[in-house]
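Data first, discussion second: the structure below is written as structure tokens.
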Amino acid sequence: MASCICASHSSLFHDRHYVSTSISSSFSLRNFKFPNAASSHKSLSLHSKASQALHQDAASHDPDANSLSLSKTRIWVNPNSPRAKHLQPKSPSARYSYLARLTESLNSCTPSAQHVSTILKGLRDNVSERDAVFILDKMTNPETAPFVLGHFRDKIKPSTDKEVILYNATLKAFRKSRDFEGAEKLFDEMLQRGVKPDNITFSTLINSARMCALPDKAVEWFKKMPSFGCEPDAMTCSAMVSAYAQTNNVDMALSLYGRAKAEKWSLDASTFSTLIKMYGVLGNYVECLRIFGEMKVLGVKPTVVTYNTLLGSLFRSKKSWQAKNVYKEMISNGVSPDFITYATLLRIYAGAQYREDALSVYKEMKGNGMDMTVDLYNRLLDMCADVGCIEEAVEIFEDMKSSGTCQPDSLTFSSLITVYSCNGKVSEAEGMLNEMIQSGFQPTIYVLTSLVQCYGRAKQTDDVVKIFKQLLDLGIVPDVYFCCCLLNVMTQTPKEEFGKLTDCIEKANTRLGSVVRYLVEGQEGDGDFRKEASELLNSIDFKVKKPLCNCLIDLCVSLNAPNRARDVLDLGLMLEIYKNIQSRSETQWSLHLKKLSVGAAITALHVWINDLSKALESWEDLPPLLGVNTGQGKHKYSDKGLASVFESHLRELNAPFHQAPDKAGWFLVTKEAAKSWLESRGSAETIDDLNSQVSGASTVALQYQ
DNA sequence: GTAGGGTTAG
């Protein structure tokens, strides 16, 4: 109750006090006009804001109040009278609040000596240095701050060794508003007035430069220090470690980091974070971990930023599997994850297709009331398309639309169309395409590629052709991926309809058109085929060479042309599109089929079996173990992964390979079992048997890697 | 609460 009474009293006092001073000095009463005609909107709003501020401030602090103040009568108090001075807040906390409110007025006032001195009139002439520093330290307006500095300099008349303190405090206003040029100008003024800068001056300038994204300026100022008789200390050193880290100047960052360690200067978590980020940007996660380890050894506690930086480095270096451990450590150290933590984890998990982990991060974010961004939704949906979780994708899409914080964009629709296309949901894919167009987005090549897959799978060849026409009508140039899809559709299409598809392929890529004609028309003449195929492969970008090879081999297989399939595989090996498919060590010979399409993998298997038979025939000794690595991945547009296709294929071949229980994606056989199987096959069996054995490969999917 | 101090994702 008592505090309420106090509040009214002092607020009345301050309100009146302030308004009267401002009107009497900064405006002549005669010229004063009301807001609509005010000469300066800025200063006017300042006054009302400031008076309100002072009002509120005093409302909670004046200890000298009494019940008389309940009266709403407004009393004029001349601020220049001894009484006004007497009535200034006395208790330290009231004093701080009072000064803070004055600063607020200064920050929003017109930058002129007159306005500034009007606001500061209440402090009268005997301003203490402490008060001046307090106010300057809180200044955020770099235009006004120099006038405030000038005012205090006139009132206090400090010696130059005290004046540097006022300058240093003023410099902060430039840092806060990211005005580095202004800071440099103030530095010049300082020198002109004969004030000697100190380490605080430099560390303020260095950090200003960094905050203004001018790390080179930070270096420049750091180098100036000795010429002013300043030697780097813990604070400047720490700022410079970060500045050098920011410019990826590893050597300098490390050398200053070393110096800090040698001098036993303590660096804090944020400096370590910048070092970790430096290595993260360079993709060197090992060094990130080393710095992280040293930080802990030196007794510096990692913060949420440190962990976020570490996770960001993991994301960049694609070491997704380590993310869970970093997160676990973070939690066990009592550091709470924030939005960036979750966003980074989600990007890592979604990118690595860790379905459950990505979805659980999403649920946790929702549970914590965090807003997802379009990018995060899209990454999740993209993952859903890759791993084929259709229900989750639809649920996430609905959540996105109702979130109110973001709207689906072109990528969102693209992912959903892919989700439906991969799962053979033709009408849903078409519906989503319509929704996309209605939302104002044109179909992209990604969308049209998905739809080609979708119609191909549904054996709607005419619709595939329709999509191809649409692509051309939109002025989109078909790319190699799109052509791969057309080839893939061919493997699922009856021969009678080939013409419709080869027409499209020829229009899309002439070279590919003639290669396909060779295959379809079963033309002989190896030399020409290999020449055409290698010209084709040489004409395209490296990253699409493997998908195209995969698709061509799949087409050969589906056309019952195993020798052509081998030709293309050979060509792929020769051009180093496929590498290290076979490997031999003393203990194991292996066949590595990851990232090969089913047709390519089966072709490579038969080549391998042939090579093993030859080895046996020439009395070469087999190693104790033979293995085939298919990987565990699932084909985007097929229900099965390579592993399950292989399992049944190996069974058809009667091959004694068995899935390794402790090594997922591996099929193993012992030397003895392999030998007796190969011998039982006899030398008569050759690669030509491939034809009858690859019927399962006709549902081969395109591999995007 | 009275001159130094920021860092993290895409």
Side-chain angles (χ1 to χ4, degrees), chain A residues 61 91-100 103 127-139 149 152 158 161-173 175-176 178 190 195 197-213 215 218 230 232-243 245-246 265-278 280-281 288 295 300 302-316 323 326 330 335 337-348 350-351 373-379 411:
Chain A
H61 291 299
S91 78
S93 73
R95 177 89 183 148
Y96 291 141
S97 306
Y98 175 64
L99 295 176
T103 315
V127 194
S128 72
E129 188 194 297
R130 269 165 55 138
D131 288 351
V133 168
F134 182 89
I135 287 176
L136 283 170
D137 186 65
K138 295 211 162 6
M139 288 296 299
L149 170 67
F152 287 139
D161 62 315
K162 292 278 182 195
E163 201 171 346
V164 67
I165 297 176
L166 298 183
Y167 270 103
N168 287 343
T170 311
L171 274 176
K172 287 169 74 181
R175 176 173 58 69
K176 286 172 217 162
R178 318 256 148 132
M190 209 173 151
V195 178
D198 59 13
N199 272 16
I200 295 175
T201 317
F202 285 103
S203 76
T204 308
L205 279 165
I206 288 167
N207 281 321
S208 302
R210 287 186 48 222
M211 288 175 76
C212 296
C230 297
D233 58 6
M235 206 73 95
T236 40
C237 187
S238 140
M240 287 313 297
V241 167
S242 298
Q246 237 173 310
W265 288 335
S266 66
L267 299 179
D268 67 9
S270 28
T271 308
F272 280 101
S273 300
T274 60
L275 280 173
I276 293 170
K277 191 195 170 187
M278 174 183 79
V281 167
C288 293
M295 168 181 185
V300 181
T303 65
V304 63
V305 176
T306 319
Y307 284 109
N308 289 349
T309 310
L310 213 51
L311 288 171
S313 310
L314 276 180
F315 178 68
R316 257 189 290 254
V326 171
M330 175 178 183
V335 178
D338 62 5
F339 177 80
I340 295 175
T341 317
Y342 287 121
T344 310
L345 280 174
L346 200 147
R347 286 188 176 100
I348 292 174
T373 61
V374 183
D375 175 65
L376 292 177
Y377 274 118
N378 285 349
R379 280 169 194 270
L411 283 174

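Here is the naming used below: chain letters follow the sequence lines, and residue numbers restart at 1 for every chain.
Within the nucleic acid shown, A:Thr236 comes within 4.0 Å of at least one base atom, counting heavy atoms only. Backbone-only contact: A:Lys172 has heavy atoms under 4.0 Å from sugar-phosphate atoms and none from a base. If you check every strand for non-hydrogen atoms under 4.0 Å, A:Thr201 touches nothing.
A:Asp131 places no side-chain N or O within donor-acceptor distance of the main-chain N or O of A:Phe134, the cut-off being under 3.5 Å. Not a single donor-acceptor pair under 3.5 Å links the side chain of A:Lys172 to the backbone N or O of A:Met139.
In the model, A:Thr306 has a side-chain atom that pairs as donor or acceptor with a side-chain atom of A:Thr303 under 3.5 Å. When only modelled atom types and interatomic distance are considered, A:Ser270 and A:Asp268 share a side-chain donor-acceptor pair under 3.5 Å.
Between A:Lys277 atom NZ and B:dG6 atom P the separation is 16 Å, expressed in whole Å. Atom CD1 in A:Ile206 sits roughly 19 Å away from atom P in B:dA3 (whole-Å rounding). Counting to the nearest Å, the C1' atom of B:dG10 and the CG atom of A:Asp375 are 6 Å from each other. In this structure, A:Leu267 places its CG atom 19 Å from P of B:dG4, rounding to the nearest Å. A:Asn378 has its CG atom 16 Å from the P atom of B:dG10, to the nearest Å. Whole-Å rounding puts the A:Asp268 CG to B:dT8 C1' distance at 14 Å. For the pair A:Leu171 CG and B:dG5 C1', the computed distance is 15 Å after rounding to whole Å. When rounded to the nearest whole Å, the span between CZ of A:Arg175 and P of B:dG5 equals 4 Å.
Set against B:dG10, B:dT8, B:dT7, the side chain of A:Thr274 has B:dT7 as its closest nucleotide. Comparing B:dG4, B:dA3, B:dG1 by their nearest atom to the side chain of A:Ile165 picks out B:dA3. The side chain of A:Met211 approaches B:dG6 more closely than any other nucleotide in the set B:dG6, B:dA9, B:dT8. Among the nucleotides B:dT7, B:dT8, B:dG4, the one closest to any side-chain atom of A:Ser273 is B:dT7. For A:Thr309, whose side chain is taken as the heavy atoms from C-beta onward, the closest listed nucleotide among B:dT8, B:dA3, B:dA9 is B:dT8. Here B:dG5 is the nucleotide among B:dT7, B:dA9, B:dG5 with the atom lying nearest to any side-chain atom of A:Ser238. When distances are taken from the side chain of A:Asp233 to each of B:dA3, B:dG6, B:dG4, the shortest belongs to B:dG4. Side chain of A:Phe339, nearest nucleotide from B:dA9, B:dT7, B:dG1: B:dA9. In this structure, of B:dT7, B:dG1, B:dG4, it is B:dG4 that holds the atom nearest to the side chain of A:Thr204. Of the listed nucleotides (B:dG10, B:dG6, B:dA3), B:dG6 has the atom at the smallest distance from the side chain of A:Arg210.
Distances shorter than 4.0 Å separate none of the side-chain N or O atoms of A:Arg379 from OP1 or OP2 on B:dG10.
Separating the CG atom in A:Leu149 from the CE atom in A:Met190 is a distance of 10.0 Å, to the nearest 0.5 Å. Atom CE of A:Met295 is separated from atom CG of A:Leu310 by 9.5 Å, given to the nearest 0.5 angstrom.
Donor-acceptor pairing under 3.5 Å, judged by distance alone, is absent between the side chain of A:Thr271 and the base of B:dG5.
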